[in-house]
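Data first, discussion second: the structure below is written as structure tokens.
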Number of protein chains: 2
Amino acid sequence: MRILLIEDDTVLGTAVRDQIAADGQSVDWVSRLDAAADAMAVAAYDLILLDLMLPDGLGIGFLKTLRSRGDVTPVIILTALDQISDRIAGLNAGADDYLVKPFDLTELSARIGSVARRYSGNPNPIITHGALDIDLASRSVHKNGKAVQLTAREWALFDAFLARPGQLLSKTQLEDKLYAFGAEIESNTIEVHVSRLRKKLGADVIHTERGMGYRLGTS
Amino acid sequence: MRILLIEDDTVLGTAVRDQIAADGQSVDWVSRLDAAADAMAVAAYDLILLDLMLPDGLGIGFLKTLRSRGDVTPVIILTALDQISDRIAGLNAGADDYLVKPFDLTELSARIGSVARRYSGNPNPIITHGALDIDLASRSVHKNGKAVQLTAREWALFDAFLARPGQLLSKTQLEDKLYAFGAEIESNTIEVHVSRLRKKLGADVIHTERGMGYRLGTS
DNA sequence: ACCAACCTGACAGCTTCCTGAAGCACGCCC
DNA sequence: GGGCGTGCTTCAGGAAGCTGTCAGGTTGGT
């Protein structure tokens with residue numbers, strides 16, 4: 001399950017990220033709303049953890065915008081404001097759950113597990129894509145029934161395509177996904193990794209669109 | 001499945017009992033260790049839920065006595081958050097799992113279900129994995145028919161892999177399983193135990209995926 | 001045909017992992 | 001109570017293999 005954490009507090013963010021990772025979920029952590037929007041353009045998330053007080057705006061507005069666009073991604077709000085009115089505002093804006101700081105990390109795990117169970121019908125979904133069988137939970141890929149070993153970077157890249165099947169992803173977007181947002185990569189790293197992925201998974205898995213980017217091959 | 005609940009808190013006890021009953025399991029609920037001993041003399045239980053702080057003694061001692069008598073009934077410890085050392089002691093004493101109060105009731109159901117599936121699937125649950133024969137109930141491993149002696153930590157680690165065969169487990173996940181959540185391990189203990197396990201069980205039993213974690217080897 | 005964009009083999013640096021050994025805590029036995 | 005043994009953790013040196021960079025080749029559009 002992919003989780004987007006929007007939180008500007010470094011200490012809390014680190015703790016939450018580590019906790020989620022310990023639960024075996026993959027996390028992207030951003031500290032601003034504009035970075036969150038960028039992240040969501042690159043990858044589809046199954047759950048958003050949203051702080052309400054952020055340097056570039058209020059989380060409530062972000063949530064409302066999200067919902068007005070028809071996005072139904074589950075959102076759990078993290079906030080220090082334990083006032084009833086804020087809680088109601090958050091839930092009215094379309095939040096699924098609410099955690100008041102300081103919260104227990106096991107409590108967070110439980111809520112995440114609850115959301116996961118509610119929204120993902122089967123526990124271990126296996127995606128079939130051409131000759132490939134992909135198990136997101138166990139991070140394994142089989143090609144024609146034979147296991148394929150992907151390295152950490154290769155998986156991160158492949159995962160980006162799987163999150164947005166059929167969608168065009170620019171090299172910049174992919175860099176943002178593979179590295180920290182804003183990381184300076186002044187070489188053709190993405191091309192190299194795409195090449196390695198193709199060698200392992202098959203040449204037609206990722207399709208190049210010259211000057212634009214890449215997208216997951218059809219079928 | 002018959003479950004023995006040892007818990008002196010009335011509110012929590014009631015909630016747990018009702019939750020288990022709702023899952024369709026039968027529960028006996030006692031609030032003292034001597035009552036627990038009496039109950040176990042009368043009926044055989046498939047699972048014990050054990051609070052550590054009880055009016056007539058510590059649950060740890062009860063668990064140790066149980067194990068020293070050769071009783072291998074699965075035990076899940078229920079404990080308050082601030083007793084990290086107790087939790088480690090509990091796992092060392094032979095507990096199968098632990099839950100930190102306050103815990104989510106669905107989480108409890110999930111743990112119970114996990115234990116139930118693993119221990120009561122077939123009357124004599126022996127897993128064969130390559131050259132290994134593993135008996136979960138008696139916690140013994142045979143390699144090519146020859147008994148292999150595993151220490152407490154080694155078993156806990158191996159057990160984590162057996163619980164999720166084929167699944168990638170990060171070092172953080174394994175630390176959480178072997179110790180308590182949030183226990184700070186700033187060394188390579190997991191690596192060392194993996195190394196020991198491989199020496200005892202065979203180099204190909206656990207497979208390393210660099211930068212991501214470990215998983216049980218195939219076959 | 002030209003140029004830009006992309007592909008891919010090679011390689012060095014560096015993160016990550018392995019493992020032997022030493023130190024430490026705890027329980028056991030006399 | 002003191003000595004002993006077992007198992008766990010930490011540390012450090014070395015090994016393994018991932019990954020970013022580059023260079024030269026290939027492709028595709030105009």
Side-chain angles (χ1 to χ4, degrees), chain A residues 21 139 148-160 168-172 174-180 183-215 217, chain B residues 58 60-61 63-65 67-68 84-94 139 148-160 168-175 177-180 183-215 217:
Chain A
R139 290 198 171 189
V148 178
Q149 295 290 342
L150 295 187
T151 69
R153 284 269 189 271
E154 286 163 3
W155 177 264
L157 180 63
F158 190 40
D159 188 59
L168 180 70
L169 297 175
S170 74
K171 265 187 266 198
T172 313
L174 292 170
E175 281 171 8
D176 286 346
K177 170 83 174 126
L178 254 66
Y179 310 94
E184 302 288 330
I185 297 292
E186 64 274 354
S187 79
N188 61 345
T189 311
I190 296 296
E191 295 172 13
V192 172
H193 281 296
V194 167
S195 169
R196 290 181 181 146
L197 257 189
R198 282 178 177 149
K199 194 185 255 181
K200 288 190 178 180
L201 302 180
D204 54 342
V205 168
I206 296 170
H207 185 242
T208 304
E209 310 224 343
R210 255 181 122 73
M212 315 272 289
Y214 299 92
R215 77 173 79 219
Chain B
L58 290 175
I60 288 281
L63 176 55
K64 280 184 184 169
T65 307
R67 293 291 184 242
S68 70
I84 293 185
S85 57
D86 288 340
R87 273 179 276 158
I88 295 176
L91 292 173
N92 284 341
R139 301 193 165 193
V148 178
Q149 206 64 31
L150 294 187
T151 68
R153 283 274 186 276
E154 287 163 2
W155 174 263
L157 182 62
F158 191 41
D159 189 58
L168 181 71
L169 297 174
S170 72
K171 260 187 270 199
T172 317
Q173 279 177 291
L174 293 170
E175 281 172 7
K177 168 80 174 129
L178 259 66
Y179 311 94
E184 299 291 328
I185 299 291
E186 65 274 352
S187 80
N188 60 346
T189 311
I190 297 295
E191 295 171 15
V192 173
H193 284 297
V194 166
S195 171
R196 298 228 172 91
L197 259 188
R198 290 209 260 238
K199 196 184 254 181
K200 287 189 178 179
L201 302 180
D204 53 342
V205 168
I206 296 171
H207 185 242
T208 304
E209 311 219 347
R210 228 157 223 274
M212 300 197 288
Y214 299 92
R215 81 172 81 217

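Each chain gets a letter, A, B and so on, in the order the sequences are listed, and its residues count up from 1. Computed over heavy atoms, backbone and side chain alike; hydrogens, waters and symmetry mates excluded.
Sequence order on DNA chain C of the closest nucleotides to E191(A) and G213(B) puts E191(A) first from the 5' end.
Rounded to whole angstrom, the span from the CD atom of Q149(A) across to the P atom of dT19(D) amounts to 13 Å. Whole-Å rounding puts the L157(A) CG to dC18(D) P distance at 16 Å. Regarding E175(B), its CD atom lies at a distance of 11 Å from the P atom of dC17(C), rounded to whole Å. Going from atom CD1 of I190(A) over to atom C1' of dG20(D) covers 11 Å, rounded to whole Å. Taking atom CG of residue L178(A) and atom C1' of nucleotide dT21(D), one finds them 16 Å apart after rounding to whole Å. Atom pair M212(B):CE and dT15(C):C1' shows a separation of 15 Å (rounding to whole Å applied). The separation between E154(A) atom CD and dG17(D) atom P is 14 Å, rounded to whole Å.
No hydrogens or angles were tested; on distance alone, a donor-acceptor pair under 3.5 Å links the side chain of N188(A) to the base of dT8(C).
Contact of the L178(A) side chain with the R153(A) side chain is registered, since non-hydrogen atoms from C-beta on lie closer than 4.5 Å.
Looking at heavy-atom distances under 4.0 Å, V194(A) makes no contact with the nucleic acid at all.
The nucleotide whose nearest atom lies closest to any side-chain atom of T151(B) is, among dC6(C), dC8(D), dC17(C), dC8(D). The T189(A) side chain lies nearest to dT21(D) when the options are dT21(D), dC6(C), dT9(D). Among the nucleotides dT19(D), dT19(C), dG9(C), the one closest to any side-chain atom of V192(A) is dG9(C). For Y179(A), whose side chain is taken as the heavy atoms from C-beta onward, the closest listed nucleotide among dC6(C), dC18(C), dG20(D) is dG20(D).
Across every non-hydrogen atom of S170(B) and A21(A), the tightest pair is OG-O, 4.2 Å. Nearest heavy atom pair, residue E175(B) against residue I190(B), reads CG-CG1, 3.6 Å. Smallest separation of non-hydrogen atoms from R210(B) and A152(A): O-CB, 4.3 Å.
One finds no side-chain N or O of H193(B) lying less than 4.0 angstrom from the OP1 or OP2 phosphate oxygen of dG7(D). Within the 4.0 Å cut-off from OP1 or OP2 of dC18(C), at least one side-chain nitrogen or oxygen of Y214(B) is found.
Here L157(A) contributes atom CG and L150(A) contributes atom CG; the two are 9.5 Å apart, rounded to the nearest 0.5 Å. For the atom pair R139(A) CZ and M212(B) CE, the distance stands at 6.0 Å (nearest 0.5 Å). The line from OH of Y179(A) to OG1 of T189(A) is 4.5 Å long, rounded to the nearest 0.5 Å. Between atom NZ of residue K177(A) and atom CG of residue D159(A) there is a gap of 5.0 Å, rounded to the nearest 0.5 Å.
Pairs passing the salt bridge (charged side-chain N to carboxylate O under 4.0 Å, His left out) check and including a residue from residues 188-202 of chain A, sequence neighbours excluded, read E154(A)-K200(A), K171(A)-E191(A).
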Paired and unpaired positions of DNA chain D as dot-bracket, Watson-Crick or G-U wobble under 3.5 Å, | denoting a partner strand
||||||||||||||||||||||||||||||

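For the side chain to side chain contact (heavy atoms under 4.5 Å, CB included) with Y214(A), the lone residue among L168(A), L174(A), L197(A), L169(A) that qualifies is L174(A).
Remark: R196(B), R210(B) in residues 195-210 of chain B come within less than 4.0 Å of DNA chain D through at least one heavy atom.
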